[in-house]
Chemist: 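One structure is given below, represented as structure tokens, and several questions about it will come after.
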There are 2 protein chains.
Amino acid sequence: MDKQTVTIYDVAREADVSMATVSRVVNGNPNVKPATRKKVLDVIERLDYRPNAVARGLASKKTTTVGVIIPDVTNIYFSALARGIDDIAMMYKYNIILTNSDENGRKEVQVLNTLMAKQVDGIVFMGNDISDEVRKEFERAKTPIVLAGCVDDQDQMPSVNIDYTAAVEEATKNLIDHGNERVAFVSGSLDYPINRDYRLKGYKQALKKAGLRYDDKLVFETDYSYKAGQLLQPALQSVKATAAVIGDDELAAGVMNGVTDAGLSVPDDFEIITSNDTKLTEMVRPKMSSITQPLYDIGAVAMRLLTKLMNNEPVENKTVLLPYGLMKRASTH
Amino acid sequence: MDKQTVTIYDVAREADVSMATVSRVVNGNPNVKPATRKKVLDVIERLDYRPNAVARGLASKKTTTVGVIIPDVTNIYFSALARGIDDIAMMYKYNIILTNSDENGRKEVQVLNTLMAKQVDGIVFMGNDISDEVRKEFERAKTPIVLAGCVDDQDQMPSVNIDYTAAVEEATKNLIDHGNERVAFVSGSLDYPINRDYRLKGYKQALKKAGLRYDDKLVFETDYSYKAGQLLQPALQSVKATAAVIGDDELAAGVMNGVTDAGLSVPDDFEIITSNDTKLTEMVRPKMSSITQPLYDIGAVAMRLLTKLMNNEPVENKTVLLPYGLMKRASTH
DNA sequence: AATCAAATTGAAAACGTTTTCAGCTTGATA
DNA sequence: TATCAAGCTGAAAACGTTTTCAATTTGATT
């Protein structure tokens with residue numbers, strides 16, 4: 001039934017050497033006489049021997065596997081990060097255990113436990129928020145953890161992000177400079193520090209510098225979904241907003257289509273700047289102006305940082321900010 | 001440095017029982033006296049003991065981990081399947097090792113090897129094609145494999161799909177019924193059986209039944225990308241196509257925007273039906289009519305099927321076809 | 001030929017579980 | 001009270017590697 005599995009012991013016997021020697025050649029240890037190496041390699045080939053990574057993991061206490069916690073793979077923003085993570089992981093011979101958390105604290109805790117149980121060598125965590133329970137798990141972890149596209153308001157964890165405050169400030173300023181006096185701030189939950197402490201702060205700063213009064217009627221807290229955006233149009237109109245900075249591309253697409261479907265023109269009647277510069281921004285009409293973020297790179301750099309941490313290599317800067325930009329497309333003047 | 005790790009042995013000692021008993025209570029084996037169970041659970045709690053899944057995997061020969069090979073997580077079609085896979089996996093207490101293959105045969109083979117080395121209990125494979133080398137790896141695998149959104153032209157592997165031929169035939173017929181005599185077929189590589197043997201076949205059947213001549217000038221073979229679609233407009237115009245059935249939503253969005261940007265009207269001058277019914281179809285203007293597929297379910301069902309295979313449960317039907325539909329939106333009359 | 005360091009090798013002990021099998025308890029039944 | 005089955009429990013052998021440490025071999029040097 002089960003296909004026969006050949007072990008290091010079989011190879012040792014056939015090659016007439018010890019397991020230790022086989023282990024050495026498999027692991028590329030140079031302390032093996034070339035002739036012996038060849039002999040062993042031949043047997044390995046003949047028997048079609050594959051080292052068992054689980055046994056290896058147990059003996060060496062390294063699994064070459066890292067955990068990745070993602071809110072939802074289906075979200076184009078996070079999947080771009082995930083792609084960066086996986087590519088770099090592969091480059092460094094790691095595999096990735098990917099799990100969707102739905103930003104659900106309980107699920108996150110549970111997943112963290114499973115990952116630790118599986119002895120992953122490290123973890124990349126994505127999400128908008130780090131709940132207290134999650135933070136507690138982070139602390140008990142025996143394993144390095146880095147945050148990607150996820151801000152730590154207590155500034156303890158290694159992380160890779162952009163300067164959301166500055167980016168939103170710049171975007172808001174841009175809209176104000178176009179003559180908009182009532183710029184809406186459309187965001188995901190303000191319980192998330194990334195929105196409350198960073199993005200909103202940037203928005204307020206821009207207002208202040210422009211001498212505009214902050215009006216919390218212009219702040220819209222919703223969830224990151226296309227649908228939510230679409231339904232926002234009446235509310236936006238009722239507060240006389242003529243522009244919006246929006247925290248997520250799908251949400252922005254929703255807002256834009258809501259506005260457009262209501263017969264208004266983007267950008268003539270309503271200007272929009274979104275935040276993540278995913279490929280969605282180019283697919284939608286008009287194309288959306290956006291804060292640009294190096295999405296793939298955020299994931300890639302996070303994973304690279306993690307490899308250093310896992311190797312106990314010195315790390316100059318544990319919280320890295322990647323450069324952002326502002327990409328003008330057709331949803332702004 | 002390394003935080004102390006507590007083992008089953010420590011628990012056994014503290015609770016004054018054997019490892020076997022600890023193992024039993026951890027695994028919920030009923031053959032333990034309630035008093036003993038409580039005693040052990042208390043110690044587990046006190047020492048904060050977590051079973052080591054790697055050791056467990058070695059001893060039990062089960063890792064509760066499955067491999068998932070995906071062309072690109074960033075592709076909204078595949079990420080929808082992936083989400084279905086992960087949810088069901090979690091429901092059955094499995095984790096997922098996710099790796100991007102880029103449809104690259106060599107990478108696929110390499111990944112399969114890593115997955116087998118890591119002793120995954122099963123594999124879900126996504127992709128447009130199964131190369132000979134990949135098929136060979138499938139055959140040596142000691143582990144069940146199921147295909148999701150991936151067709152096996154040799155009809156040997158367990159798989160979950162929709163009836164692409166019938167779906168494309170219906171879509172094409174719909175376009176023809178609207179009076180289009182020159183319906184283009186825009187597809188990914190025709191090296192992929194899913195396109196060559198299934199979708200194209202449906203297209204031809206519809207033509208035939210409508211008494212229209214098959215013209216290979218109307219068949220466009222390209223890659224699944226927005227950009228590729230956008231660039232297709234001049235070619236489509238030069239062969240006087242007035243409608244198209246398109247094999248991928250991003251590609252379709254590209255075609256549609258290409259057509260629109262060239263000053264033509266969709267659907268008045270050009271009708272479009274796309275294939276995957278991802279959320280993109282709703283975000284784009286006009287919204288795209290599409291063949292509907294239960295994307296999430298394809299992944300979910302594939303994973304469910306895999307769990308049965310992993311448990312050696314009897315399976316009635318190894319190649320399942322889920323129902324498809326046709327969703328009329330604004331890109332067709 | 002003797003010597004010594006370096007290069008190669010192997011024996012055996014981890015690694016932390018599960019699982020088998022035999023033995024011990026227990027309580028009910030005859 | 002003797003007997004027996006059922007319920008619990010523990011000892012120890014896997015599982016398939018890596019790793020340590022000592023032993024052996026080798027080759028150059030004197």
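A note on names: the letters A, B, ... follow the listed sequences, proteins ahead of strands, and every chain is numbered from 1.
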Chemist: Please state whether the phosphate of C/dT17, meaning OP1 or OP2, lies under 4.0 angstrom from any side-chain nitrogen or oxygen of B/K62.
Modeler: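 No, outside the criterion.
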Chemist: Is there a side-chain polar atom (N or O) of B/K61 under 4.0 Å from OP1 or OP2 of D/dG16?
Modeler: yes
Chemist: Testing B/I194, B/N161, B/I130, B/T319 for side-chain contact (heavy atoms from CB on, under 4.5 Å) with B/D152, which one passes?
Modeler: B/I130
Chemist: Near DNA chain C, counting only heavy atoms under 4.0 Å, which residues of residues 31-56 of chain A show up?
Modeler: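 Residues of residues 31-56 of chain A under 4.0 Å from DNA chain C: A/N31, A/V32, A/K33, A/T36.
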Chemist: Name the closest nucleotide to the A/S18 side chain, picking from D/dT17, D/dA13, C/dA11.
Modeler: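 Looking only at heavy atoms from C-beta outward on A/S18, the closest nucleotide is C/dA11.
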Chemist: Would the number of heavy atoms belonging to other residues, nucleotides or ligands and lying under 6.0 Å from CG of B/D16 be above 12?
Modeler: no
Chemist: Take the protein atom CZ of B/R24 and the nucleotide atom P of D/dC8, then report the distance between them rounded to whole Å.
Modeler: 11 Å
Chemist: Nearest nucleotide by nearest heavy atom, which residue falls closer to the 5' end of DNA chain D, B/S60 or B/D16?
Modeler: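 Its nucleotide being nearer the 5' end, the pick is B/D16.
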Chemist: Between D/dT18 atom P and A/L58 atom CG, what is the distance in whole Å?
Modeler: 11 Å
Chemist: Atom CG of B/N27 to atom C1' of C/dT18: distance rounded to whole Å?
Modeler: 8 Å
Chemist: Report the distance from atom CG of B/N29 to atom C1' of C/dT17, rounded to the nearest whole Å.
Modeler: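 Checked: the CG to C1' distance equals 15 Å.
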Chemist: Taking only N and O in the side chain of B/T21, is any of them less than 4.0 Å away from OP1 or OP2 of D/dG10?
Modeler: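 True: B/T21 side-chain N/O within range (under 4.0 Å) of D/dG10 OP1/OP2.
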Chemist: Ring centres under 6.0 Å, that's the criterion: do B/F125 and B/F138 meet it?
Modeler: yes
Chemist: How far apart are the C-alpha atoms of A/R37 and A/L41, what are their side-chain angles, what is the distance that settles it, and do they pass the side-chain contact (heavy atoms from CB on, under 4.5 Å) test?
Modeler: CA-CA 6 Å; A/R37 179 185 308 280; A/L41 285 174; 3.8 Å; yes
Chemist: Grab the CE-P distance between A/M19 and D/dT18 for me, whole Å please.
Modeler: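 Between P of D/dT18 and CE of A/M19: 9 Å.
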Chemist: What is the separation between atom CD1 on B/I8 and atom P on D/dA12, rounded to the nearest whole Å?
Modeler: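 Taking atom P of D/dA12 as the reference, CD1 of B/I8 is at 17 Å.
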Chemist: Whole Å only: how far is the CZ atom of B/R13 from the P atom of D/dG10?
Modeler: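 Going from B/R13 (CZ) to D/dG10 (P), I get 15 Å.
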Chemist: Tell me which one of A/K39, A/K38, A/R46 satisfies side chain to side chain donor-acceptor pair (under 3.5 Å) with A/D42.
Modeler: A/K38
Chemist: Starting from the C-alpha separation in whole Å, work towards a yes-or-no answer on side-chain contact (heavy atoms from CB on, under 4.5 Å) for B/L147 and B/V160.
Modeler: CA-CA 6 Å; B/L147 310 178; B/V160 181; over 6 Å; no
Chemist: With a 4.0 Å cut-off on heavy atoms, is B/V17 in touch with a base, just the backbone sugar-phosphate, or nothing at all?
Modeler: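 Sugar-phosphate contact only - B/V17 comes under 4.0 Å of backbone atoms but never of a base.
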Chemist: In Å and rounded to the nearest 0.5 Å, what is the CD1 to CG distance from A/I145 to A/L306?
Modeler: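 Those atoms lie 9.0 Å apart.
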Chemist: Between C/dT18 and B/S23, is there an OP1 or OP2 to side-chain N/O distance shorter than 4.0 Å?
Modeler: yes
